Amino acid sequence: MRFIFGLLSLCVLCTLKATAADLSSSVLYRPSQLTAKNVAVVFNQNDAKSIEIANYYMAARNIPKQNLIGISIPADTQSSISPEKFAPIKQAVDGQLNTDIQVIVLVWTTPFAVGCNSITAAMTFGYQAKQCENTCGAGTLSPYFNHASLQPFRDLGIRLSILIPTDSVSSAKALIDRGVLSSFSVNEGTAYFLKTADSARSKPRERFFPKDLSTIQTRRLFLRTLNTESIQHKRDVMFYFTGQVSVANLDTLNFLPGAVGDHLTSFGGELTPGNPSRITQWTEAGATGSYGTVSEPCNYWQKFSNPQVLLSHYLAGETLIESYWKSVAWPTQGLFIGEPLAAPYQKLPLNADPLTPSQPE
């Protein structure tokens with residue numbers, strides 16, 4: 001991974017006004033408006049796993065039958081496809097979407113990239129050729145970054161995209177089940193923010209980490225900011241953010257329903273089985289959502305999830321897909337995976353003063 005610390009300070013388009021300590025304040029309650037009718041499920045007609053998991057997800061979330069879209073992706077399709085091959089896929093999907101659709105769920109593992117773009121960014125914004133001229137260059141600011149909108153297509157003309165990986169049918173079904181379960185109860189949980197010895201991958205996001213031992217009482221959430229390389233044998237993981245090439249001891253953790261976690265590194269969104277950085281390790285370990293880049297991003301924090309922004313929206317009652325997408329300022333290279341409608345804090349009663357979400361400058 002190539003690193004550009006100078007540009008991080010010289011080219012900060014999205015400096016946040018609020019401090020990370022604000023995470024320990026009370027949060028605004030503004031639950032998501034997304035429902036099953038707002039979700040389109042796109043599957044690969046040439047992939048038996050994709051078909052099975054798509055049907056399972058449709059039933060699990062009671063998504064209307066007309067929102068199921070089958071497309072043909074050749075069996076020999078590689079991890080990344082060209083913009084020319086992607087164009088008819090996007091056209092076929094867009095042509096079957098009605099105005100209710102706010103979210104697009106892609107049910108497959110490959111392709112996960114369109115050139116240097118992630119397939120979720122390409123499906124939401126269209127292919128962005130400019131980024132591929134220099135993948136280490138600054139990205140394009142997402143209009144959805146830290147936005148107040150609860151209806152992205154209505155307000156901004158975009159539909160949020162996310163991938164449910166299909167390498168393992170059982171893992172995909174378990175992921176879906178965790179997302180559904182997240183709506184029923186909230187257990188006491190902990191958000192872990194790790195400052196690791198890998199300064200190139202850890203430092204970019206540390207400014208957004210809260211004070212250690214803070215709490216958000218209205219959300220039954222404890223905040224731990226730790227100087228360590230990994231955590232292990234924790235039974236209460238709701239959030240986990242770190243910077244490492246790969247994350248050790250994930251298999252020793254218990255992730256609560258709706259939990260999210262990611263690590264800042266290159267190629268986490270490259271979902272090939274031999275990749276030690278692949279973000280599917282998070283969901284295989286029990287997380288309900290994760291995020292990583294599919295091409296060399298260099299270590300701009302704007303190309304990764306901002307923990308402060310993600311928590312402020314998720315704890316307010318928004319869904320996983322809304323909160324994750326709002327947390328990434330430059331998402332062109334970033335792949336979102338998980339169960340989009342997970343919303344563990346959507347129904348939690350709240351009487352508190354608002355935490356005003358920070359805005360890009």
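Keep in mind the model is a prediction, meaning the values are calculated, not measured. Note that these values count all heavy atoms, side chains included, but never hydrogens, waters or copies made by symmetry.
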Practice task
Tell me, with the steps shown, if K49 and E52 meet salt bridge (charged side-chain N to carboxylate O under 4.0 Å, His left out).
Solution key: CA-CA 5 Å; K49 290 181 179 179; E52 181 176 353; over 6 Å; no
Are the side chains of [X] and [Y] in touch, meaning some heavy atoms are under 4.5 Å apart?
| X | Y | value |
| --- | --- | --- |
| L221 | T215 | no |
| L160 | T120 | no |
| I231 | L253 | yes |
| I176 | I164 | yes |
| R220 | N187 | no |
| F239 | L315 | yes |
| P340 | V105 | yes |
| L256 | V237 | no |

Exercise for the section: Go through the steps for W330 and F145 under the test ring-ring contact (aromatic ring centres under 6.0 Å, His included), then give the verdict. Expected result: CA-CA 8 Å; W330 300 343; F145 176 65; 9.7 Å; no
Problem - Verdict with reasoning, S149 to D155, per side chain to side chain donor-acceptor pair (under 3.5 Å) - result: CA-CA 7 Å; S149 172; D155 297 338; 2.5 Å; yes
Problem - Trace of the side-chain contact (heavy atoms from CB on, under 4.5 Å) decision for L320 with E339 - result: CA-CA 7 Å; L320 184 149; E339 198 287 293; 5.9 Å; no
Main-chain N/O of [Y] paired with [X] side-chain donor or acceptor, under 3.5 Å:
| X | Y | value |
| --- | --- | --- |
| S230 | N249 | no |
| S202 | S199 | no |
| T196 | G243 | yes |
| S118 | G334 | yes |
| T252 | H233 | yes |
| T109 | T166 | yes |
| H263 | S277 | yes |
| N38 | D100 | yes |
| Y300 | C136 | yes |
| N299 | R201 | no |

Quick one: do [X] and [Y] end up in the same hydrophobic cluster if we chain Ile, Leu, Val, Met, Phe, Trp and Tyr together by side-chain heavy atoms under 4.5 Å apart?
| X | Y | result |
| --- | --- | --- |
| L68 | V93 | no |
| V186 | L223 | yes |
| L150 | V103 | no |
| L271 | L106 | yes |
| F153 | I104 | no |

Practice task
Go through the steps for T124 and S161 under the test side chain to side chain donor-acceptor pair (under 3.5 Å), then give the verdict.
Solution key: CA-CA 6 Å; T124 293; S161 303; 2.9 Å; yes
If you take all heavy atoms of [X] and [Y], which pair is closest and at what distance?
| X | Y | answer |
| --- | --- | --- |
| I63 | A36 | CG2-O, 3.8 Å |
| L335 | I279 | O-CD1, 3.8 Å |
| F255 | G286 | CB-O, 3.3 Å |
| P152 | Y144 | CB-CE1, 3.8 Å |
| V114 | A122 | CG2-CB, 3.9 Å |
| T110 | S79 | CG2-CA, 4.0 Å |

Would you check if there is a donor-acceptor pair between the side chains of [Y] and [X] at a distance under 3.5 Å?
| X | Y | value |
| --- | --- | --- |
| N117 | T332 | no |
| R224 | T190 | no |
| S32 | E318 | no |
| Q333 | S295 | yes |
| E296 | S266 | yes |

Practice task
Determine, step by step, whether E270 and S80 satisfy the side-chain contact (heavy atoms from CB on, under 4.5 Å) criterion, reporting the C-alpha distance in whole Å, the side-chain angles of both residues, the deciding distance to 0.1 Å, and the verdict.
Solution key: CA-CA 9 Å; E270 186 178 280; S80 176; over 6 Å; no
Does the distance from a Lys or Arg side-chain N to an Asp or Glu carboxylate O, for [X] and [Y], drop under 4.0 Å?
| X | Y | value |
| --- | --- | --- |
| D212 | K195 | no |
| E133 | K130 | yes |
| R219 | E188 | no |

Handout entry: W108 ring center within less than 6.0 Å of F43 ring center
Key = no
Problem - W301 and F208 aromatic centres sub-6.0 Å - result: yes
Problem - Residue K173 excluded, over 12 heavy atoms near NZ under 6.0 Å - result: yes
Handout entry: Whether over 12 other heavy atoms sit under 6.0 Å from Q78 CD
Key = no
Exercise for the section: Start with the C-alpha distance between D262 and S305, add both sets of side-chain angles, then the distance that settles side chain to side chain donor-acceptor pair (under 3.5 Å), and finish with yes or no. Expected result: CA-CA 8 Å; D262 63 54; S305 66; 2.7 Å; yes
Problem - Worked check of side-chain contact (heavy atoms from CB on, under 4.5 Å) between T242 and V247 - result: CA-CA 8 Å; T242 186; V247 184; 3.9 Å; yes
Handout entry: Aromatic ring pairing W325/F336, orientation class (parallel under 30°, perpendicular over 60°, tilted between)
Key = parallel
Exercise for the section: Would you please classify the geometry between the F209 ring and the F193 ring as parallel, tilted or perpendicular, with 30° and 60° separating the classes? Expected result: tilted
Euclidean distance, [Y] [atom2] relative to [X] [atom1], rounded to 0.5 Å:
| X | Y | atom1 | atom2 | value |
| --- | --- | --- | --- | --- |
| E206 | L264 | CD | CG | 10.5 Å |
| I162 | T319 | CD1 | OG1 | 8.5 Å |
| E322 | S327 | CD | OG | 12.5 Å |
| I53 | S168 | CD1 | OG | 7.5 Å |

Problem - Worked verdict on T135 versus Q131 for side chain to side chain donor-acceptor pair (under 3.5 Å) - result: CA-CA 6 Å; T135 63; Q131 186 71 74; over 6 Å; no
Exercise for the section: Using the side-chain contact (heavy atoms from CB on, under 4.5 Å) rule, take F241 and L311 through it: C-alpha gap first, then chi angles, then the decisive distance, then the call. Expected result: CA-CA 11 Å; F241 301 99; L311 263 72; 3.7 Å; yes
